Structures are given as structure tokens and as C-alpha cells.
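Just so it is clear: chains get the letters A, B, ... in the order the sequence lines come, proteins before strands, and each one is counted from 1. Owing to the predicted nature of the structure, the values given are computational and were not obtained by experimental measurement.
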Amino acid sequence: MNGPILRALFLDAYYQVLDNKVFRILAVLVGLLVLPTFVLGAREEGLVILFGVKTISWDNVTWLTGTQNPDLVVQNFQDFVVGGLAGTIGILFSIAATAFFVPRMLEKGAADVVFSRPVSRTTLLCARYCAGVLFVALLASTLVFGMYLGLRIVSGRGDPAFLWSILTIVYVFALVHSVSLLVGVLTRSAVAGLLVTILFFTLNGCVHNVWILSEFARDQERLAREEQDKDAAEHEDKVPPLLYHSLDTLHFILPKTTDSDLIVRKLRRAILESPPVVRDSVTGTRVAESPENLTLVGAQGERDLEREPALWQSKGADASATEITFRRESRVVEGRRRSARTAARTLSTELEQSGAKLVPAPGFEPGPGLRPEIVCWEEKQSEGEWSRARAYVALGDWLLVVEVRQRTQAEANRSAGELARSFTRHIRLDENDPRGMDPARWYEHRLDWSAPLRHNIFFSVGSSVLFALLLFALAAWKLKRIDF
Amino acid sequence: MGCCVPVVEAPQSPLIRARELKKLYRKGVFSRKGFPALDGVSIEVGRGSVFGLLGPNGAGKTTMVKIFLGLVRRSGGEAEVLGQGCEEPSVRRRIGYLPEAHRLPGYLTGRQMLRLFAQMSGCEPSEIDDRIEKQLALVGMREAAGRKISEYSKGMQQRIGLAQALIHQPELVFLDEPTDGVDPVGRMAIREIVLELKNAGVTLFLNSHLLMEVEMICDRVVILSHGKILRQGTMAELTPRTGSVRFELKSTPPDLGALLAGIGGALVPQPDGFELVLNDDAELDRCIDRLRTAGVSIRAVQPRKLSLEEAFIGMLKNEGGPR
């Protein structure tokens with residue numbers, strides 16, 4: 001096998017892809033998905049149409065976007081198009097469009113011409129496999145890179161890590177395409193290849209998601225047991241052992257297609273995320289970045305937030321104009337365990353009794369991050385009037401407390417309550433702490449490069465690739481035994 | 001041959017050699033029973049010859065060709081091509097193949113397809129453009145070379161198929177029904193190409209139902225039936241003289257029977273003369289003498305040979321009849 005032969009096979013694959021009608025239709029659809037990123041811009045002032053021909057205020061489109069935060073709008077759109085459309089419907093279309101690649105090569109007459117050349121059957125099979133992957137790579141690259149360019153130019157936003165999504169889509173398709181390849185060789189039927197592959201893709205996703213749920217359920221039970229100090233022997237599994245072991249076996253064997261998104265997110269984070277400003281040495285809780293216009297007093301890095309709370313102060317001459325304190329305190333007070341809500345209520349009662357003026361806390365905003373219980377009030381002190389807010393987040397045996405103190409005269413864009421809410425958005429829980437997470441988020445945190453085998457990214461990728469290679473090897477073995 | 005891997009061979013060694021070649025198409029994965037497509041076939045094909053393969057449908061002709069090309073695995077016996085095992089992909093650099101009812105990649109143009117197969121056959125990149133133009137000219141497809149193969153007529157596909165079989169200048173070419181679907185003019189053109197190749201020293205293995213074509217082109221012929229060799233030999237060996245001689249006369253005398261009485265066997269009158277079965281050359285001399293003595297003007301005397309078709313059908317009938 002030499003360079004010219006490989007080039008020839010690559011070119012052949014390329015021409016075959018370009019000639020494919022479904023490819024052309026998908027290319028048009030991709031163009032239609034990319035177009036809005038060039039026509040509509042998500043800016044601070046609202047949704048900008050055609051570089052400013054018209055601007056629609058966020059108030060008028062919140063029903064559609066769900067948020068007024070342009071960063072979130074862009075992120076949601078990217079997730080919807082790449083994760084939702086391209087990652088599922090796009091893959092299904094691609095399976096349909098490429099299912100005939102191998103059966104057509106094996107048709108009588110076509111096979112005679114191709115396999116009578118001095119190229120091994122395995123190489124030719126590999127070329128057809130690559131043609132399928134190329135098919136998706138071209139579409140995924142156009143979609144993701146086109147959207148990235150559009151968002152960058154028109155909206156002024158665009159995380160370069162979004163480009164990793166190309167790899168996700170191609171990776172998932174490459175895994176699924178190996179099924180199509182094997183069925184194509186075994187049956188020499190495009191229809192059989194198409195149906196079996198779509199069925200596999202769907203069932204494989206179901207198996208993996210149910211496995212995550214069962215893993216999550218078991219983990220939650222374990223945590224509950226630990227918290228209640230129950231004897232493990234008394235405990236009964238909610239997930240029946242037979243189902244659990246069956247799922248486990250299937251999970252270990254089958255390709256983990258649903259992990260791809262999470263792996264890419266981890267990659268993005270590993271590459272882009274800077275070290276935390278503050279990390280609590282006990283809970284592992286981190287503050288990803290300092291609040292806007294505030295600076296951390298003291299050194300960055302790890303500390304015990306119960307003993308040494310972190311303090312941020314305003315930049316500039318009047319450092320005390322705005323202050324944010326982040327600390328950790330025990331949930332147990334006077335022998336009673338408090339929730340975040342109880343703590344907030346207690347504080348409100350105390351403030352009311354002391355005559356402080358309570359003000360409404362800022363409303364809930366959809367999006368990532370913790371959801372704190374916030375209490376806001378105003379108070380007069382000798383040095384002036386202060387706008388105050390305190391946010392509580394429960395974490396195991398601890399309460400995380402964010403305390404905001406803002407001089408009323410200070411020219412602040414945001415209220416103390418909004419600052420507290422915003423600060424909690426930058427708090428990241430320890431990735432190993434599963435409390436308060438939904439199954440998807442729990443699994444995202446569990447899956448890691450250095451996690452135990454069942455949640456290990458290397459294992460996930462390795463076993464998935466091994467599965468695809470095994471199917472390819474089976475297809476190659478069978479192909480060698482076909483008499484044309 | 002530019003792109004071929006040189007293999008040292010004995011000068012007189014056959015290009016194709018098969019001994020007790022067997023192929024059994026099994027009925028199921030685990031079944032030992034099946035249909036024997038080839039049942040102990042032994043042949044040798046020498047360099048520079050045009051070898052014809054004949055037989056009724058299902059005789060095993062295509063199976064035999066495909067074994068030589070590594071497209072079908074043999075069940076028994078030995079098969080060598082160009083001094084190497086048939087399963088060796090590298091040997092196919094020196095072999096060209098035009099399959100019957102081939103399907104070329106319709107998404108490519110004629111020129112792209114030739115380039116693809118030239119590259120796949122390991123041709124030198126610098127030589128490919130020249131070769132493509134040469135082959136296109138040879139098969140008369142220069143004008144249509146920029147069009148997609150899916151737009152070609154049957155005849156055009158056959159011609160471009162022939163070009164792909166020859167693009168890497170092979171030493172040995174297997175042609176399976178090369179004139180199938182081609183009009184008479186195209187058929188003649190293909191025959192000329194085959195003869196040109198033969199003159200250039202290329203060994204050709206021709207599999208055709210058109211017996212006249214085989215008779216015109218081939219040096220040696222093998223007739224297969226039921227997976228076995230029914231007969232093989234040179235064209236002269238397979239189409240012997242019948243003993244009958246055809247006389248073409250300027251005008252036929254009314255008393256022809258009486259004039260030739262006592263010479264040869266049955267006399268069969270023809271519109272422009274007659275046919276007579278003669279036992280030897282002395283009888284032929286006597287026949288001519290009598291005609292000339294009677295003042296009959298002889299235009300031509302032609303000893304009649306069995307046509308390949310007649311020989312072929314005769315052999316099959318003797319074997320149990322064509323299926």
C-alpha cells in the first residue's frame with residue numbers, strides 16, 4: 001500500500017460523497033442552520049438583525065430564548081443545533097446516506113472490477129469506511145465552523161472550544177458506522193444495514209442512559225446510607241441485581257456514544273479553564289473567577305473557608321464600596337440540621353426583629369450554576385447606608401454562605417442580591433461530590449480521565465474504539481471469504 | 001510494462017497454470033454438499049497467445065477466471081498466474097480484467113475512473129495522464145471521457161470498461177464477454193484491439209458466447225461443461241476438415257451426377273455449384289479432371305471445415321446435450 005493508492009482511494013471516497021444526493025440535501029440544511037448565526041446577532045442590547053438593521057429587545061424574545069443573557073442564548077443555540085439536531089437527527093440522516101456505500105461496492109459487477117485490483121479487500125473496506133466518516137466530517141465541519149464564524153463575527157461571541165464538537169459528531173458516527181459496515185458486508189443489503197444501524201444507535205443510547213440512571217440510583221442510595229449511618233447489610237438495592245449486571249455488561253461491551261459530549265466538555269474545560277481563584281480545602285468547592293470589578297484580598301489558592309473566609313473588595317480608591325465574603329459554616333446549629341432555606345428564613349426573621357428593611361431577592365434565572373436561597377436587606381450604619389444580601393447553598397454537612405455588602409451611594413450596576421446570585425454562578429462544587437445533582441450532571445462529574453474504570457474516559461473511548469475495530473475486523477474477515 | 005512488478009520467470013513457463021482445480025459452492029455455512037462449479041480442471045496458457053474459454057451457461061467458465069483473479073477461493077487443486085499464487089494481490093498489477101456485466105463507479109467521469117484504476121494498479125503518477133489519453137483514443141472514448149459513467153450507453157460502458165482493463169498495460173488480460181452489448185462496428189473495433197494486444201505480446205484469456213468471434217481471434221480453446229474440460233486444443237484441432245469439398249462453378253452442367261459418377265460420396269447441389277464428400281486428394285484430382293474435360297469452368301474449390309459452432313454443439317450433444 002503506497003501513497004498514490006491511498007490518495008486514489010481517498011479521492012474516490014470524496015467523489016462518491018459529493019455525488020450523494022442525501023449529502024447535498026444535508027449540505028443545504030447545514031447552510032440553513034448556519035445562516036441565522038450570520039443574520040442574527042446576540043448582543044447586550046438585544047437581538048440584532050442584519051448587523052443593526054433592526055434590534056429586538058431581549059424583553060420581546062425571552063419567550064423564545066428563555067434568558068436575556070446573550071452568552072446563554074448563544075450557548076443554548078449551539079447546544080440545540082450541535083447536540084440536539086446534528087448529534088441525533090444528523091447522525092440518523094448520515095447513517096441513511098452512507099448505508100449503501102459498502103453494499104454497492106459488493107454488488108455483482110462492481111465488486112469484480114474493484115477487487116481484481118492489486119489492493120487488499122481490507123484496504124478497500126477501510127476506504128469505504130473512511131468515505132462514510134468523511135461524509136460526516138465534511139458536514140460537521142461546515143456546520144460547526146460556519147456557526148462559530150457567524151457567532152464570532154455577528155454576535156461577538158464564540159468559544160473556540162465549540163470547534164471540538166466536530167470531533168464529537170465524527171467520533172459518534174465513526175462508532176455507529178462500524179455497525180453499518182458489518183451489516184453491509186454480512187447482508188450486502190443497504191436497507192438491512194440502514195435499519196440495523198438505526199436500531200443499534202437508538203438501543204445503544206437507551207442502554208447507556210439507563211445504565212447512568214442505575215449507577216446514579218445506587219450512588220444516591222450509598223450516600224443516603226452514609227448520611228443516616230445505616231448498616232449496609234440492612235439495605236436493599238433499588239435496582240434489581242440482574243438488571244444491574246445486565247446493564248453493566250452491556251455498558252462495558254457497547255460503544256459509549258452518549259459519553260462523547262461529556263468528554264468534549266471535559267476536554268474544553270481541561271484546555272480552557274484557568275485554575276480557581278479560591279478552593280475550599282474541606283469540600284473542594286471552587287470559585288472559578290473573581291466577580292467583575294472586585295479583587296480578592298489575600299492570596300489565591302486553597303484555604304479552609306470556615307476558618308479563613310475569602311473576601312473580595314472593590315477595585316479603586318474606595319475598596320469598601322462593595323465587599324463579597326465567601327465562607328463555609330456548619331449546617332448543624334444547636335443540635336439541629338439546617339437547610340439553605342431554613343437558614344435564609346431564620347436570617348429573615350432575625351432581620352425583621354432587628355428592624356432592618358428587607359427587600360425582595362432577585363428572581364430565578366435559568367442557566368447553569370447553583371441555585372441559592374437569597375435574603376436581601378438594607379441597613380444603616382454609622383459609616384452610611386448599606387445594601388446587603390446573603391446567599392445560602394447547602395452542601396452535605398455544610399452551608400456555603402455568600403455575603404454581599406454594598407454602599408447604597410456606590411454607583412453599582414447591580415444590586416447586592418444580584419451580585420450574590422451572580423457570585424454563586426461562579427462557584428463550582430467538587431467534581432466528586434454528587435449531592436444535589438441530577439443523573440446527567442452526576443455522570444458528567446463522575447466521568448473523568450483518572451476516574452475508576454467504569455467512569456474512566458480512557459476506558460470509555462478505548463472500549464468504544466475497540467468495539468468499532470472488532471466490528472471492522474469481523475467485516476474484513478467476512479469480506480475475505482466472499483466469493484464474487 | 002511500466003507499472004508492473006518484474007518477476008523472474010522461466011522463458012517458456014506458462015502464464016496460467018491450473019492443476020485439478022476444484023470449486024464447490026456450498027449450500028450453507030456448515031454444509032459439505034454443494035454445487036461443483038469446477039471439478040478437476042487442468043490447463044496451461046502460454047505467453048502471447050489468445051486463449052478462448054467456451055462452454056454452456058453454468059459450465060464454470062467465469063468461476064475459473066475469477067479463481068485466477070483471486071475473486072473466488074478455490075476448493076481444491078492448484079492455480080498459478082504469472083508464476084505466483086492467485087490470492088496474492090500484487091500479481092494483479094500485471095493482470096487486466098473486463099468482467100461480464102460490470103458496474104463501474106457511476107459517480108466518476110470516464111477519465112476520473114481510469115485515473116482511479118491506474119493509481120490503484122500502482123502505475124507511475126507521471127505516466128498516468130499519457131496512459132489515460134492513449135486508452136481513451138484506443139477505445140474511441142475521448143469525446144465522452146469528461147461525462148459521468150452513469151450517463152454512458154451500454155456500448156460506451158463496455159468500451160470504457162475495456163480501457164480500465166488495459167490502463168496499467170497488463171501482461172495478461174481476462175476478457176469476459178468483451179463485445180456484449182456492443183454494436184457490430186464497435187465489436188469489430190474491439191476485435192482489432194484484441195489482435196493489436198496479441199501482436200504486442202499480451203496474453204489474452206477470452207470468455208465469450210460468440211463462437212465466431214472466438215474462432216476468429218483465439219489460438220487455443222478450452223471447452224468446459226459441468227465443471228470439466230470437454231475438449232481443448234488449437235483451433236485446427238477443434239475444427240477438423242469434414243472431407244466435404246465445395247466447388248463453385250461458372251455454370252452447372254445438367255448431367256452433373258452422371259459426370260461425377262463413381263467419385264466420392266453423396267453429391268449435394270448448391271445454387272452456384274455443388275458439394276461432394278471426397279475420400280482423398282486423388283479423388284479430388286479426378287473430380288477436377290472430369291469437370292475440366294467436360295468444359296466446365298471452375299471458379300473455386302474449397303475444402304469444407306467444421307465451424308467452431310458446429311464442433312461445440314456436436315461435443316455438447318455427445319456429452320448429453322446443452323443446458
Worksheet entry | A/Val113 vs B/Gln164, side-chain contact (heavy atoms from CB on, under 4.5 Å): CA-CA, chis, key distance, verdict | CA-CA 9 Å; A/Val113 179; B/Gln164 68 78 29; 3.9 Å; yes
Worksheet item: Are A/Asp112 and B/Tyr97 side-chain neighbours, meaning at least one heavy-atom pair lies under 4.5 Å?
Response: yes
Practice prompt. Give, for atom CZ of A/Phe484 and atom OG1 of B/Thr63, the distance between the pair rounded to the nearest 0.5 Å.
Written response: 14.0 Å
Worksheet item: Looking at B/His102, B/Gln112, B/Glu87, B/Arg103, which one has more heavy-atom pairs under 4.5 Å with chain A than the rest?
Response: B/Arg103
Worksheet item: Would you find more than 12 non-hydrogen atoms of other residues, nucleotides or ligands less than 6.0 Å from B/Arg19 atom CZ?
Response: no
Fill in: Heavy-atom neighbours of A/Phe38 CZ exceed 12 at 6.0 Å
yes
Item to complete: Let me know if B/Tyr25 has heavy atoms under 4.5 Å from chain A in its side chain, its backbone, both or neither.
Response: side chain
Worksheet item: Judged by modelled atom types alone, do A/Asn20 and B/Tyr107 share a side-chain donor-acceptor pair under 3.5 Å?
Response: no
Item to complete: Against chain B, label A/Leu124 side chain, backbone, both or neither, depending on which of its atoms sit under 4.5 Å from a heavy atom there.
Response: side chain
Item to complete: Check whether B/Leu71 gets within reach of chain A through its side chain, its backbone, both or neither, counting any heavy atom under 4.5 Å.
Response: both
Discussion item. With rounding to the nearest 0.5 angstrom, report the OG to CZ distance, A/Ser116 to B/Phe117.
Written reply: 7.5 Å
Item to complete: Identify whether the distance between the nearest side-chain nitrogen and carboxylate oxygen of A/Asp483 and B/Lys66 falls below 4.0 Å.
Response: no
Worksheet entry | Donor-acceptor pair, side chain of B/Arg73 and main chain of A/Arg481, under 3.5 angstrom | yes
Worksheet entry | Beyond-backbone contact of A/Pro118 with B/Val91, side-chain heavy atoms, under 4.5 angstrom | no
Item to complete: Might you confirm whether atom NZ of B/Lys134 has over 12 heavy atoms from other residues, nucleotides or ligands at distances under 6.0 Å?
Response: no
Worksheet item: Hey, is the main chain of A/Arg117 close enough, under 3.5 Å, to the side chain of B/Arg92 for a donor-acceptor pair?
Response: yes
Item to complete: State, yes or no, whether a side-chain contact exists between B/Met120 and A/Val114 at a heavy-atom distance under 4.5 Å.
Response: yes
Worksheet item: Between A/Arg121 and chain B, which part of the residue has a heavy atom less than 4.5 Å away: side chain, backbone, both or neither?
Response: side chain
Discussion item. Report which part of A/Lys108 has an atom under 4.5 Å of a heavy atom belonging to chain B: side chain, backbone, both, or neither.
Written reply: both
Fill in: Under 4.5 Å from a heavy atom of chain A, the part of B/Glu88 involved
neither
Discussion item. For B/Lys148, is there an ion pair with A/Asp19 - N to carboxylate O distance below 4.0 angstrom?
Written reply: yes
Discussion item. To the closest 0.5 Å, what do you measure between CG (A/Asp12) and CD (B/Gln119)?
Written reply: 10.0 Å
Fill in: Audit row: A/Leu11, B/Arg115, side-chain contact (heavy atoms from CB on, under 4.5 Å) steps and yes/no
CA-CA 10 Å; A/Leu11 263 182; B/Arg115 179 174 300 282; 5.6 Å; no
Item to complete: Give, as side chain, backbone, both or neither, the part of B/Leu116 having an atom under 4.5 angstrom from any heavy atom of chain A.
Response: both
Worksheet entry | Residue A/Phe10 excluded, over 12 heavy atoms near CZ under 6.0 Å | no
